[in-house]
Amino acid sequence: MSNGGGIQVLFSNLTIDRTTISSNSADSGGGIFSASSTLTVRNSTISGNSAVDGGGIYTTDFEGPGVLNIINSTISGNSATGNGGGIYNSRSTGQILFSTISNNSAQFGGGLYSNDGESGNTNTIRVQNSIVAGNQATEDSSSSEVANIGSGGFVSGGNNLVGQNGTVGGFPTIASDIILTRPIGEVLGPLADNGGPTQTQALLAGSPAIDAGTPVDGITTDQRGESRPQGNAPDIGAFEVQPSPSPSPSPSRSPDDQSPTS
């Protein structure tokens, strides 16, 4: 049995920054397998990986505490034949901030899947200012975005864009979260080179994620390194929309310009 097709982290600390982890496969954690470790993913893209569980990332406490932090990152196009197309969490804690989790697929928990293990465990990963939308679950469409099994799992820290066509599954939304009621393709572009060292998914014009986030201390750029916020508030997800440049004014003729006109 193989764990961690791209990276395996055991009883250690690892920070991944401005990196792409793509096209790997394993039984658990197609992109990354992290056990009893502190894994931090910043400004990075995890895409096109596959596994039985945890197509993009598999994190677990195993024989000691596990922590997962994802900041300004994109998890897209990963798949699991079992659970957790984007992320599979088993009893780890942590946070997901300003990240985009979309276009992942699994039988259960197309975007995020949490198996909290023994009854009474309440370990949680807090999701804030992030997009969890446009994922698919082949066996249970209600778990397309999030499946929380047990008493802990993924919880909202607010200002997330969640769901597709009103379906959010097992994610406990709060008042500041936005439930997407439009097809994902109308508000979020495909994974592409939008500048910066890694591919991202751009927010399209009219996306409800624009100017809908809330500031977080220490996070002043998006995944590409562009400053945020650009508007009245930061955008939700890993991509901050840049304002369109103002058109240059037409040159005016000075009073001394006596050129004849025809």
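In terms of heavy-atom proximity, Asp53 sits nearest to Tyr58 at O-CD1, 3.6 Å. Here the closest heavy-atom approach between residue Ser36 and residue Glu63 is recorded as OG-N, 3.0 Å. Across all non-hydrogen atoms, the minimal contact from Ser144 to Ala137 is OG-N, 3.5 Å. Taking each heavy atom of Asn78 and Gly85 in turn, the nearest pair found is CB-O, 3.2 Å. Taking both residues in full, the closest heavy atoms of Gly158 and Ser176 are given as CA-OG, 3.2 Å, listed atom of the first, atom of the second, then distance. When all heavy atoms of Gly30 and Asn49 are compared, the pair lying nearest together is C-CB, 3.8 Å.
The salt bridge (charged side-chain N to carboxylate O under 4.0 Å, His left out) pairs that include a residue from residues 125-143 number zero, where partners must be two or more places apart or lie in different chains.
To the nearest 0.5 Å, atom CD1 of residue Ile131 and atom CD of residue Glu145 are 11.0 Å apart. Ser92 OG to Phe62 CZ: the interatomic distance, rounded to the nearest 0.5 Å, is 12.0 Å. In this structure, Asn104 CG and Asn135 CG are separated by 5.0 Å, a value rounded to the nearest 0.5 Å. For the atom pair CD1 (Ile70) and CZ (Phe98), the distance works out to 15.0 Å, reported to the nearest 0.5 Å.
Here the side chains of Ser114 and Arg91 are not in contact, with every heavy-atom distance at 4.5 Å or above.
With sequence neighbours left out, the salt bridge (Lys or Arg N to Asp or Glu O under 4.0 Å) criterion links Asp235 to no other residue.
Using modelled atom types and a 3.5 Å distance limit, the side chains of Gln223 and Ser73 yield no donor-acceptor pair. Between the side chains of Asp211 and Asn232, no donor-acceptor pair of N or O atoms lies under 3.5 Å. Counting only N and O atoms by type, the side chains of Ser76 and Gln201 include a donor and acceptor under 3.5 Å apart.
Between Asn72 and the choices Arg224, Arg228, Arg42, Glu240, the side-chain contact (heavy atoms from CB on, under 4.5 Å) rule is met once, by Arg228. Tested against Ile46 for a side-chain contact (heavy atoms from CB on, under 4.5 Å), the candidates Thr20, Ile7, Ile16, Ile57 yield a single pass: Ile57.
A 6.0 Å sphere centred on CD of Glu226 holds more than 12 heavy atoms belonging to other residues, nucleotides or ligands.
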